[in-house]
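Before any comments, here is the structure.
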Amino acid sequence: MAFLMKSMLSNQVKNLGLGGGGEESKEENTPSDPAAAAGMTREEYEEYQKQMVEEKMERDAAFAQKKAERAVLRVHLREKYRLPKSELDENQIQMAGDDVGLPEDLQKMVAEDQEEEEDKDSILGQLQNIQNMDMDAIKEKAQATFTEMKQAAEQKCIMM
């Protein structure tokens, strides 16, 4: 009975941090095997580690694919706007492989932009631009140019 009382009291005093009794090293309580620390058998722990490595590889591959898709989009925009090429983008595309393309939603956006540009370049697009022009400003500019040409001709030619 005295032993029971002593062990209970000493455990309570240890929990309070006041000492009381021999201190046990924490290193002795922790198992050296990581599988035992995780509460698994050695085989389960190895299988778990394999799964973790496979998942990390899949995540890295998906991340590289996304980076390459973004690089393809940047390359496309650089070509469209005639900007200088970036070797970083080309390297990302090469690292991901040849099967890199634009995602579907971006392909739709690119196709819409191309259709708009084709419409603007067509005759109908040019006619629509003519409708949006300020005819009075064009007329004034033409008259000013004509007047300037007339004055220049009068200065050079004595007969006029």
Side-chain angles (χ1 to χ4, degrees), residues 15 17 23-160:
N15 290 340
E23 294 183 20
E24 296 179 12
S25 173
K26 291 185 179 182
E27 293 176 7
E28 293 175 12
N29 290 341
T30 58
S32 61
D33 188 17
M40 301 179 205
T41 64
R42 188 75 168 149
E43 294 81 25
E44 289 174 340
Y45 185 73
E46 288 174 4
E47 183 66 29
Y48 173 74
Q49 289 298 325
K50 285 180 187 177
Q51 288 176 352
M52 295 299 289
V53 169
E54 289 174 3
E55 289 175 5
K56 184 178 183 332
M57 290 173 53
E58 289 174 7
R59 285 192 308 270
D60 289 345
F63 182 68
Q65 181 72 20
K66 290 288 184 184
K67 283 176 67 174
E69 288 174 355
R70 292 183 198 116
V72 167
L73 179 63
R74 286 192 297 270
V75 166
H76 173 75
L77 291 174
R78 283 191 176 99
E79 289 173 359
K80 179 179 177 181
Y81 295 110
R82 298 183 188 108
L83 298 173
K85 294 182 179 179
S86 170
E87 291 196 23
L88 179 64
D89 290 340
E90 293 173 5
N91 291 340
Q92 287 178 346
I93 293 170
Q94 288 176 355
M95 287 173 57
D98 294 333
D99 60 340
V100 179
L102 289 175
E104 291 180 21
D105 53 346
L106 294 177
Q107 286 177 352
K108 290 176 185 177
M109 291 172 55
V110 168
E112 290 172 2
D113 288 345
Q114 287 177 347
E115 289 175 8
E116 289 176 10
E117 288 180 15
E118 289 172 0
D119 289 344
K120 288 180 183 177
D121 292 341
S122 69
I123 294 173
L124 293 175
Q126 296 298 328
L127 289 175
Q128 289 176 350
N129 287 339
I130 290 174
Q131 290 176 352
N132 295 334
M133 289 184 186
D134 186 13
M135 295 303 283
D136 293 331
I138 294 173
K139 192 184 250 185
E140 290 174 10
K141 187 174 181 180
Q143 287 176 348
T145 304
F146 180 72
T147 307
E148 288 175 15
M149 289 174 52
K150 186 177 177 183
Q151 289 174 353
E154 286 176 356
Q155 289 175 356
K156 290 181 181 180
C157 182
I158 300 173
M159 299 294 279
M160 288 186 123

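Scope of the values below: all heavy atoms of this structure, side chains included, with no hydrogens, waters or symmetry mates.
- Distance check, rounded to the nearest 0.5 Å: NZ of K150 to OG1 of T145 gives 14.5 Å.
- Identified under the salt bridge (Lys or Arg N to Asp or Glu O under 4.0 Å) test for residues 59-68, with sequence neighbours left out: K56-D60.
- Scored by the side-chain contact (heavy atoms from CB on, under 4.5 Å) test, K80 finds D113, E117 as partners (sequence neighbours excluded).
- Scanning for side-chain contact (heavy atoms from CB on, under 4.5 Å) contacts around A71 gives R74, D89, Q92, I93, with sequence neighbours left out.
- Taking the side-chain contact (heavy atoms from CB on, under 4.5 Å) definition, one finds that M52 meets it with Y48, E55, sequence neighbours left out.
- Q51 CD: more than 12 foreign heavy atoms inside a 6.0 Å radius.
- Two residues are said to be in side-chain contact when any heavy atoms from C-beta on lie closer than 4.5 Å; E79 and V75 meet this criterion.
- Residues satisfying the side-chain contact (heavy atoms from CB on, under 4.5 Å) criterion with E46, sequence neighbours excluded, are R42.
- Applying the side-chain hydrogen bond (donor to acceptor under 3.5 Å, both in side chains) criterion to Q49, with sequence neighbours excluded, gives Y45.
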List the steps, then state whether side chain to side chain contact (heavy atoms under 4.5 Å, CB included) holds for Q151 with T147. CA-CA 6 Å; Q151 289 174 353; T147 307; 3.9 Å; yes
